[in-house]
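Values reported hereafter were calculated over all heavy atoms of this structure, with side chains retained and with hydrogens, waters and symmetry mates removed. Computed from a predicted structure; not experimentally measured. The first residue of the sequence shown is numbered 1, and numbering continues consecutively from there.
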Amino acid sequence: MQVDNRPKYYGREYHGMISREDADQLLNQAEGSYLIRESQRQPGTYTLALRFRNQTKNFRLYHDGKHFVAEKRFESIHDLVTDGLITLYIETKAAEYIAKMTINPIYEHVGYTTLSLKPTLKKHLPLRSAPDQPDGLTPTRDRGHAEERITSLVRRSTLRESDFVAPKYEKVHNFKVHTFRGPHWCEYCANFMWGLIAQGVKCADCGLNVHKQCSKVVPNDCQPDLRHVKKVYSCDLTTLVKAHNAKRPMVVDMCIQELEARGLQSEGLYRISGFSELIEDVKLAFDRDGDKADISTNVYEDINIITGALKLYFRELPIPLITYDAYPHFMEAAKIPDADKRLEALHEALKLLPPAHCETLRYLMGHLKRVTQCTENLMTGENLGIVFGPTLMRAPGLDAMTALNDIRYQRLVVEGLITNEDVLF
């Protein structure tokens, strides 16, 4: 059909400015037939008329380089209609089933959770007596005596690095809309994922494939896979440590170990900047080699390059070490004049941090406390607070004046965490 003023992105399916009744008359002979018409009420807007189950359904049609009537975007009208017919058919014939398919998932029984389990190592804990212990074997200490000795001080002193096993940090899945090639089934409910494109969502960190509606009820048990986590810097902190099955980011551990081995006496430690080109080189080494990166004195003699790389890591975190959600609570704590109440408020604010963030902050504050105890470097808690305040915490969307006023309290937060590290963690 030849129509004047046809938009360039429509083809023979375009029928110009016709009414709903005319469209229905043209389509009533063939199931699945369709046309595009210009609205008579709103010229310049377009409607997709589609015949389905002996009815003509009308959808407002949009184009922004691709065609769409809802979230999915298509290269051609033909693909949009094909996908639409599939969806309409499934939702019509299996509406009740779709509504129930998340109720009894297979996920926890035979799915992702089972497949992603990793062998766990035993922690070095005091032995406990067991009722079925063979004769002749006695535990080194009984349970009651062990529990009496687990004070906060003893617990800290016994948490040697060699004794730690990677903790089970909770992490939400990072789902993104995904187009699957060939037949795919949801790994949560085990049902078919229908449609031509964007049939479901895929976790960008672990690769879990599920329906969009199933993604809303999947547990927060993402186990990132190194095949999907391809960098160290600018990667979510919890994602990184879970992908590497570690307690803390290797950047933090390796840089701090290197600094304490050869740099604590360096004057102006953390205050003096290293060469930015070499700091970027360290970043690329971690992104490329992970925990195999060489940051020894043989490669980077200037210790300020290592401090710069560590500060850069924290600055580039997509979610700061002191998270956006916890930020206002730390700010309020810093403004409390009474020292004891301020310390109590900081302790409460720390409880709001995700476990991986809190553990990393604990380790960093312990290191910075040791920096302040080395008088040769001339770095006090106040000096380190000035350096690390804006590095570890920031609030999104603050105007320039508010952000400037917050710097003072950011410094007080970090200084308080360093000074009271042995009490707060």
Side-chain angles (χ1 to χ4, degrees), residues 1-102 174-186 189 191-204 209-217 397:
M1 179 178 178
Q2 188 66 34
V3 180
D4 294 334
N5 301 320
R6 183 180 68 192
K8 62 181 180 180
Y9 39 81
Y10 295 140
R12 295 172 59 190
E13 67 274 2
Y14 181 72
H15 281 61
M17 190 178 289
I18 62 174
S19 67
R20 280 176 173 248
E21 293 74 20
D22 290 339
D24 184 62
Q25 188 69 28
L26 288 168
L27 298 175
N28 66 4
Q29 298 299 318
E31 182 77 357
S33 59
Y34 65 94
L35 61 80
I36 296 171
R37 62 183 179 83
E38 184 175 3
S39 173
Q40 292 179 329
R41 294 180 181 178
Q42 294 179 286
T45 63
Y46 303 95
T47 298
L48 172 67
L50 175 65
R51 194 73 175 177
F52 179 75
R53 300 191 74 187
N54 298 319
Q55 290 183 330
T56 300
K57 296 181 176 290
N58 292 276
F59 304 90
R60 176 65 64 85
L61 186 61
Y62 303 91
H63 183 270
D64 63 356
K66 292 188 176 181
H67 305 280
F68 63 100
V69 296
E71 294 181 356
K72 293 185 180 182
R73 283 164 164 73
F74 300 83
E75 296 289 346
S76 70
I77 293 293
H78 178 271
D79 287 348
L80 185 154
V81 170
T82 304
D83 185 86
L85 288 170
I86 294 171
T87 302
L88 285 170
Y89 184 84
I90 293 290
E91 291 180 350
T92 301
K93 296 291 186 180
E96 185 177 350
Y97 183 79
I98 292 171
K100 295 180 178 179
M101 69 185 187
T102 61
N174 181 18
F175 286 120
K176 307 287 186 185
V177 175
H178 190 77
T179 295
F180 299 95
R181 304 300 178 192
H184 266 74
W185 283 261
C186 175
C189 69
N191 290 291
F192 183 67
M193 301 172 77
W194 60 87
L196 276 188
I197 68 168
Q199 302 96 329
V201 294
K202 184 185 187 79
C203 178
N209 305 319
V210 296
H211 290 111
K212 184 177 179 181
Q213 58 266 47
C214 290
S215 69
K216 299 172 184 176
V217 292

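- Atoms CD1 and CZ, on Ile77 and Arg12 in that order, are 15.0 Å from each other to the nearest 0.5 Å.
- Heavy-atom minimum distance, Asn58 versus Ala49: OD1-CB, 3.7 Å.
- Note that the CZ atom of Arg181 and the CD atom of Gln199 stand 8.0 Å from one another [nearest 0.5 Å].
- For the atom pair His178 NE2 and Ile197 CD1, the distance stands at 12.0 Å (nearest 0.5 Å).
- Taking both residues in full, the closest heavy atoms of Ala198 and Thr179 are given as N-OG1, 2.9 Å, listed atom of the first, atom of the second, then distance.
- Between atom CE of residue Met17 and atom OG of residue Ser39 there is a gap of 7.5 Å, rounded to the nearest 0.5 Å.
- Smallest separation of non-hydrogen atoms from Cys186 and Cys189: SG-N, 3.4 Å.
- Contact annotation: the side chain of Tyr34 never approaches that of Leu85 to less than 4.5 Å [non-hydrogen atoms, C-beta and beyond].
- Legend: salt bridge (charged side-chain N to carboxylate O under 4.0 Å, His left out) pairs involving residues 61-89, not counting sequence neighbours, sorted by first then second residue: Asp64-Arg73, Lys66-Glu75, Glu71-Lys212, Lys72-Asp83.
- If you take CG on Leu27 and CZ on Phe52, they are separated by 14.5 Å, rounding to the nearest 0.5 Å.
- Phe175 is listed as a side-chain neighbour of Val210, based on a closest heavy-atom distance under 4.5 Å.
- Annotation: side chain of Met193 is in contact with side chain of His211 (closest heavy-atom distance under 4.5 Å).
- Counting non-hydrogen atoms of other residues, nucleotides and ligands closer than 6.0 Å to NE2 of His78 gives a total of 12 or fewer.
- Taking Val69 as the reference, Phe59, Leu61, Leu80 meet the side chain to side chain contact (heavy atoms under 4.5 Å, CB included) condition, with sequence neighbours excluded.
- Listed by chain and number, the residues in a side chain to side chain donor-acceptor pair (under 3.5 Å) with Gln42 are Arg60 (sequence neighbours excluded).
- The two residues Gly32 and Leu50 have their closest heavy-atom pair at O-CD1, 4.0 Å.
- By the side chain to side chain contact (heavy atoms under 4.5 Å, CB included) test, Lys93 pairs with Tyr89, sequence neighbours left out.
- The heavy-atom pair separating Ser33 from Ala30 by the smallest distance is OG-O, 2.7 Å.
- Applying the salt bridge (charged side-chain N to carboxylate O under 4.0 Å, His left out) definition to pairs two or more places apart or across chains, those involving residues 13-39 are Asp24-Arg51.
- When the side chain to side chain contact (heavy atoms under 4.5 Å, CB included) test is applied to Phe192, the partners found at least two apart in sequence or on another chain are Pro183, Trp185, Trp194.
- For the pair His15/Ile36, no side-chain contact is recorded, criterion being any heavy-atom separation below 4.5 Å from C-beta on.
- Legend: residues meeting ring-ring contact (aromatic ring centres under 6.0 Å, His included) with Tyr10, ordered by chain and number and at least two apart, are Tyr46, His67.
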